[in-house]
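The structure under discussion appears below in the form of C-alpha cells.
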Amino acid sequence: MDLVEREEKYRREQEELYQELRENPIDLDALFQTVVKAVHYDYVGFESKRRYFMPGEYHTYVFSRYRFGSLTMETLVRSLHQFAGDMHDRRLRFYCDDWIDYRNLAMKYRVRAGADCLYVTSAAPKTGLRAGDRILAVHRMSPQNVRAFLRKTAFYSDVWERELWGGYLRMAQSLEIEHEDGSREHKKMDLFPAEKEEYPICFQNLKDKTTYLRLERMDRAAMEALLAAHEEEIARSKKLILDLRRSVGGEEDACEALFPYLVDREYRRSELLQDEGSYVLFTKNNCDRRYGTLAAFRERLTDAQEIALIEEEMDIYRKNYGKGLLYQPPRQEEQEWIVPASASPEKVVLLTDTFCELESEQFAAMCQRCGSKVTTLGRPTMGTLDFYDCICLKVHEHMTLSYPIRMSKAAYEGRGISEKGLPVDRYIPWTPREIQEDVLLNRALEI
C-alpha cells in the first residue's frame, strides 16, 4: 500500500469516527455545565472530595479536541466518565445506555496492582495473556509514570493494593508484557464486544466440617435457592466461611436469612444495622429532582399504604426545599429480633477485599456486628457506605449522571470509611502468590 492509499484509508477512518458528532451535534458547554454544577453543588460528598475536583482539565481536553475536529462521541463520554471517577466515590457515576460503548468495548482480563507493575490475575485465552503475567507498561508508560501523570486520581485510591485499573485499561491498546518464563513482548490489545459479567453465588463443603459460601452479588432469589438446598449442611457445620471478596452489591436484604447462623445471642436488627440517621443535602435541584421522581412513582401506585409512605417522603422535600444539609433521624421501624438458630456453626470467617462494595459492604458491616463467632480476614472493603441515596440526572438523551444526596452521620462526624473501607480483624496484604494459591481461604481454614 503506497503513501496515498494509506492517507486515504486514514482519512476515511477519521471521517467515520467523527461522523456521529457532526450529524448529531451536542451543546458541549451546556452538557459540561450541567455535570460540573451537579457535582459541585448537589453531590453530598463534594466537600469531602473537593481536592479531586478538577473539571477544567477535562473541559480543556474536550474543547481542544473539538476545536481541531478530532473529538469523537466516545472520547467525550470517556472524559466525563473519568471526571466522575476521579472524585474517588463509587456512588458517583457517569454512564451511557447501549447507544455507545464508551468503555472501549470489553477488557477480558483482570489485574491487581503492584508497586512497580500490574499482575494479570485472570485472562480469557483470546487475549493472549495468562494469569501471572506482569504488565510493565501501558502505552509505553510504566505504572509508576501513569500514576504520576494522572496524579493518582484515576484509580480510586493512592494505595497501590487498592487501586482499580479496569477503567484505564479499557482504553489501553498496547501493553508491555513480561511472562512468567521471563520473556517479554510488546502486545497490541484487541477489542472485544462487551458481555454481561457473571457474579456467581455458590456453596461448597470443605474439609473439617467447613461450609463455604461464595457471594459475588446480593441476589435474594439465588440465596433462597441456595439455602433451600444447603441450609441443613450449614447448620451442622463447625465453621462457615463467607467469601465477599468480589461482591458487587445488589439487593439490600438478600442475605438476611444467614444472620441466625452468625449471631452469638439475640440481636435487634437495628443493632446490626446501626442506623444513626443521616444528613441529606436539600438543594433546590435535589428537592425538585427527587420530588418529581416520587410524584411519577406515586401515580403508578394503587395500594393506599404504599401511597401514604410515598407522600410522607414527598412531604420531607416540600418542607426542606432549598435548606441545604440537614440531619434526618433514622426511620422508626418495628423492632425485629434475630434469634440464634438451634444449630449453627461454631465459627464464622468473613473474607473481604477491596472489591466488596455497595449492598455487599453493608452486609459485611452487619456481619461484623454479629458477635464473638465472626472473624474478618483479608483486606478492607471498598468504602461505599458514607454517601448514598442516588439521584439519576439525565444530562443528554443517552447520558446519565448518578450522584448521592445522603451522607451517613459517621461520615459527617469524620468517622467515615470512604477510601479506607471496613477494617478487618486479620489483615493479610495482597501478594502475587494469590494468583496461583487461594491464600485467604487457606488461612480461613486454619482459624
Side-chain angles (χ1 to χ4, degrees), residues 6-41 43 46 49-89 92-97 99-105 107 137-156 158 164-175 188-189 191 393-403:
R6 285 201 302 271
E7 285 298 314
E8 182 63 24
K9 180 175 182 289
Y10 176 75
R11 187 189 65 76
R12 288 196 303 269
E13 289 173 347
Q14 296 300 99
E15 285 291 324
E16 187 177 338
L17 277 174
Y18 309 141
Q19 192 68 21
E20 176 71 32
L21 266 176
R22 287 172 181 168
E23 292 181 355
N24 301 288
I26 293 176
D27 187 337
L28 294 177
D29 277 311
L31 179 65
F32 256 89
Q33 199 170 72
T34 300
V35 172
V36 170
K37 283 188 173 180
V39 173
H40 192 168
Y41 299 108
Y43 162 52
F46 178 77
K49 307 292 185 179
R50 178 188 282 272
R51 64 189 180 280
Y52 301 125
F53 185 68
M54 298 181 184
E57 294 187 4
Y58 290 98
H59 186 276
T60 300
Y61 174 73
V62 167
F63 277 80
S64 62
R65 294 288 294 266
Y66 177 75
R67 188 176 302 114
F68 291 106
S70 60
L71 179 66
T72 67
M73 197 68 79
E74 187 177 74
T75 300
L76 168 64
V77 179
R78 277 184 190 163
S79 297
L80 290 169
H81 172 74
Q82 191 60 59
F83 164 62
D86 281 358
M87 296 298 287
H88 286 212
D89 181 1
L92 176 67
R93 297 192 178 188
F94 183 91
Y95 57 91
C96 276
D97 57 24
W99 158 74
I100 186 172
D101 193 339
Y102 65 95
R103 297 166 302 168
N104 207 20
L105 303 181
M107 188 183 91
V138 182
H139 289 163
R140 301 192 183 279
M141 290 179 67
S142 69
Q144 301 100 307
N145 287 340
V146 172
R147 290 175 180 124
F149 178 69
L150 296 174
R151 303 177 315 282
K152 299 185 179 181
T153 61
F155 311 109
Y156 287 96
D158 56 6
L164 306 183
W165 279 77
Y168 186 78
L169 292 176
R170 284 192 185 101
M171 298 182 281
Q173 296 181 31
S174 68
L175 304 175
K188 186 179 185 304
M189 299 305 295
L191 305 178
L393 173 64
K394 275 281 189 184
V395 297
H396 174 270
E397 181 185 359
H398 300 285
M399 306 178 198
T400 302
L401 177 71
S402 176
Y403 65 91

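As the structure is a prediction and not an experimental result, all values here were calculated from the model. Quick note: numbers below take in every heavy atom, side chains included, and nothing from hydrogens, waters or symmetry partners.
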Could you please spell out the steps behind the side-chain contact (heavy atoms from CB on, under 4.5 Å) verdict for Tyr66 and Leu76? CA-CA 9 Å; Tyr66 177 75; Leu76 168 64; over 6 Å; no

List the steps, then state whether side-chain contact (heavy atoms from CB on, under 4.5 Å) holds for Phe155 with Trp165. CA-CA 6 Å; Phe155 311 109; Trp165 279 77; 3.5 Å; yes

Is there a side-chain contact (heavy atoms from CB on, under 4.5 Å) between Leu150 and Tyr168 once you walk through the steps? CA-CA 11 Å; Leu150 296 174; Tyr168 186 78; 3.7 Å; yes

Run Val62 and Leu71 through side-chain contact (heavy atoms from CB on, under 4.5 Å) and show every step you take. CA-CA 7 Å; Val62 167; Leu71 179 66; 3.9 Å; yes

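Met399 contributes atom CE, which lies 13.5 Å from atom NE2 of His81 (distance to the nearest 0.5 angstrom). Atom OG in Ser402 sits 8.5 Å away from atom CZ in Arg93 (nearest 0.5 Å). To the nearest 0.5 angstrom, Tyr52 atom OH is 13.0 Å from Leu92 atom CG. Between the OH atom of Tyr61 and the CD atom of Gln82 there is a distance of 11.5 Å, given to the nearest 0.5 Å. Note that CG of Asp158 and CZ of Arg147 are 10.5 Å apart. Values are rounded to the nearest 0.5 Å. Remark: His59 NE2 to Leu80 CG distance equals 10.5 Å, nearest 0.5 Å.
A donor-acceptor pair is defined here as one N or O able to donate and one able to accept, closer than 3.5 Å; no such pair exists between the side chain of Lys188 and the backbone of Gln173. Between the side chain of His398 and the main chain of Cys96, no donor-acceptor pair closer than 3.5 Å is present.
In this structure, His40 has its ring center under 6.0 Å from that of Phe53.
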Exercise answer: donor-acceptor pairs, residues 27-39 side-chain atoms, under 3.5 Å, sequence neighbours excluded:
unit_1	atom_1	unit_2	atom_2	d
Asp27	OD1	Asp29	N	3.3
Asp27	OD1	Ala30	N	3.1
Thr34	OG1	Ala30	O	2.9

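Taking all atoms of both residues into account, the shortest heavy-atom contact from His88 to Lys49 is O-NZ, 3.1 Å.
A side-chain donor from one of Asp86 and Tyr58 sits under 3.5 Å from a side-chain acceptor of the other. For the 3.5 Å distance criterion, the side chains of Tyr43 and Asp89 qualify, holding a donor opposite an acceptor.
The environment of CZ in Phe63 is crowded: more than 12 heavy-atom neighbours from other residues, nucleotides or ligands sit within 6.0 Å.
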